[in-house]
Amino acid sequence: MGTRMLSLWCGFLSFCALICAQPDDGKRYICRAVAISGDAGCPVTLLPDLSAGSQEEELRNTVMQLRETIVQQKDTISKQLGTINELTTKLSLCASAASDRKSGKGGAWGKDKQNTMGDVPTDPNDSIDSLGKTMQGLKERLENLEQQQMRANLSGASFPSELRELLQRRLGELEKQLLKKVSSLEEEKSQLSNATAAYRLKTESTLNALVERISELEKGGGDFKSPEQFKLSLPQRTNYLYGRITKSLPEMYAFTLCMWIKSSASPGVGTPFSYGVPGQANEIVLIEWGNNPIELLINDKVAQLPLEVRDGKWHHICICWTTRDGQWDAYQDGNKLGAGDNLAAWHPIKPGGVIILGQEQDVVGGRFDAGQAFVGELSQVNIWDRVLKPAEIRSMANCSAYLAGNVVAWLPGSVEVFGRGASKRPLEVCQERLPNF
């Protein structure tokens, strides 16, 4: 028994020595229990050669990359949220301004007007430039965000599509608001420019009339006490006696024609006033012929006036007209005797024509008909490019004031006389011309 145990120990030690004597080939083996009746030739599972140091380094690098990606994603989202909040605030301000304008709070640009964008100046020209700069800045911000998105994509971070769509939508809405405001500012600028031009023309016309009157005053007005104190006398019904005003009319959308008139001609006083332009000899005509009432023609359209001046006395008459609905008013001796509408509605008075006193023009400046000639006396024929107030007309008719026309003023140097028998003579004082004198 002892000998047998000794033999077994020797065999076991020999087996261990044999295993330890195997060369190290870099492979590692997994030992597992095998049943006595199992197959001793089962395959051996190998593990890769991994050192503890390299495995730890690889895990560390992976963690660092994930951390950088998360930080970049967080910064990108934070910037985009800040931009969206800013765009939302400005869009709300734009909407508030638009609402104020609709409700009547947003009139013209003023000193105390709240800026709708926070940085828009009160001058329309500066506003357009400022809005353009603001729009360019927003586009640059969007480009920066897109570049950040590209860098994020390269680094493995994904840009939320919902956030991008929201940003694009908000930017589009803001761009529409800005374009609408630019259009509104352009329209206000155009209206301001038109109003300025109209005011300048009106001022120049008034100054020209004033200069002419001052020139006449400096010359002493000839044989007349004052420049307007003269009358045009046309004593016969012929086709060659008439007066001509040297000035023409500008384009007008309203006018007032006033004059002192005296006639006892029958039948009809004829044509005290006519204005013809190329293509339309009857642009403005005041005529009474035959047994017809006095008629006002504008662009060859006719309105009958309830005026009676054939009694051989002086009468002050005024005719007011506006292109708006063709409205007209007729005054005699300061009293409004008639009114109407639809007389050459929306037709502007054409410029560059010829004004004739005492004859009706069949062609511009000529081809007169003796049957339509005026017989009598005319004075203080003045024309304004606006509708005078009733008080202004009344003050001239009752001799309390004299108003010179801002388009055509009654001055000796502005009236030419044609035909033997026609003349310019001193005018009676105003009180002597009153109907009840």
Side-chain angles (χ1 to χ4, degrees), residues 232 234 237 239 242-245 247-261 263 265 267-310 315-332 336-376 378 381-388 405 407-408:
L232 172 65
L234 302 171
R237 194 183 295 275
N239 63 353
Y242 64 96
R244 175 172 176 167
I245 294 181
K247 291 190 63 177
S248 183
L249 299 181
E251 183 177 52
M252 297 188 300
Y253 297 90
F255 71 83
T256 299
L257 168 64
C258 292
M259 68 180 72
W260 284 91
I261 184 171
S263 178
V269 300
T271 309
F273 180 92
S274 70
Y275 172 67
V277 297
Q280 181 52 272
N282 295 328
E283 186 71 3
I284 305 176
V285 179
L286 190 64
I287 184 173
E288 182 186 59
W289 59 282
N291 294 318
N292 298 310
I294 295 180
E295 295 178 339
L296 172 64
L297 282 71
I298 296 180
N299 192 30
D300 219 15
K301 307 298 187 298
V302 183
Q304 293 185 342
L305 309 181
L307 305 179
E308 293 288 343
V309 296
R310 288 183 291 177
H315 294 281
H316 185 265
I317 62 173
C318 284
I319 310 299
C320 304
W321 175 87
T322 175
T323 186
R324 184 180 179 86
D325 296 327
Q327 297 178 350
W328 59 268
D329 300 296
Y331 293 81
Q332 180 173 326
K336 183 176 178 180
L337 299 185
D341 57 12
N342 202 30
L343 176 60
W346 310 110
H347 169 77
I349 301 300
K350 297 178 182 178
V354 175
I355 300 176
I356 299 294
L357 303 178
Q359 297 286 349
E360 191 271 336
Q361 307 173 55
D362 286 337
V363 297
V364 178
R367 196 183 294 174
F368 306 136
D369 182 357
Q372 297 175 333
F374 171 77
V375 180
L378 299 173
V381 180
N382 291 286
I383 302 176
W384 295 261
D385 58 359
R386 62 184 178 90
V387 174
L388 292 186
V407 175
V408 172

Which atom names give the shortest non-hydrogen contact between [X] and [Y], and what distance separates them?
X: Thr256; Y: Val387; value: OG1-CA, 3.3 Å
X: Ala281; Y: Asp362; value: CB-O, 3.6 Å
X: Pro278; Y: Gly352; value: CD-O, 4.4 Å
X: Leu305; Y: Pro293; value: O-CB, 4.2 Å
X: Phe273; Y: Leu357; value: CD1-CD2, 3.8 Å
X: Pro272; Y: Leu378; value: O-CD1, 3.5 Å

Contact check, side chains of [X] and [Y], non-hydrogen atoms, under 4.5 Å:
X: Val408; Y: Asn382; result: no
X: Asp385; Y: Tyr253; result: no
X: Gln359; Y: Thr271; result: no
X: Cys320; Y: Tyr331; result: yes
X: Ile294; Y: Ile287; result: no
X: Ile319; Y: Trp328; result: no
X: Leu337; Y: Leu307; result: yes
X: Ile355; Y: Lys247; result: no

Short side-chain to backbone donor-acceptor contact, [X] and [Y], under 3.5 Å:
X: Arg237; Y: Ala373; value: yes
X: Tyr275; Y: Gly353; value: yes
X: Asn282; Y: Asp300; value: no
X: Lys336; Y: Asp329; value: no
X: Thr322; Y: Ala254; value: no
X: Ser263; Y: Gly376; value: no

Mark yes when over 12 heavy atoms from residues, nucleotides or ligands other than Glu308 sit less than 6.0 Å from its CD; otherwise mark no.
no
By side-chain contact (heavy atoms from CB on, under 4.5 Å), Ala344 pairs with (sequence neighbours left out) Ile298, Asn299, Lys301, Trp321, His347
Separation between CG (Leu343) and OG1 (Thr323), nearest 0.5 Å, reads 10.0 Å
Practice item. Starting at CG of Leu286, measure out to CG of Leu257 and round the result to the nearest 0.5 Å. Key: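 Taking CG in Leu286 and CG in Leu257, the distance rounds to 6.5 Å.
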* Which pairs pass salt bridge (charged side-chain N to carboxylate O under 4.0 Å, His left out) with one or both residues in residues 275-296, sequence neighbours excluded? ->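 Sorted pair list: Glu288-Arg310.
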Looking just at side-chain N and O atoms, do Gln361 and Ser274 make a donor-acceptor pair shorter than 3.5 Å?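 Yes, side-chain donor-acceptor contact under 3.5 Å.
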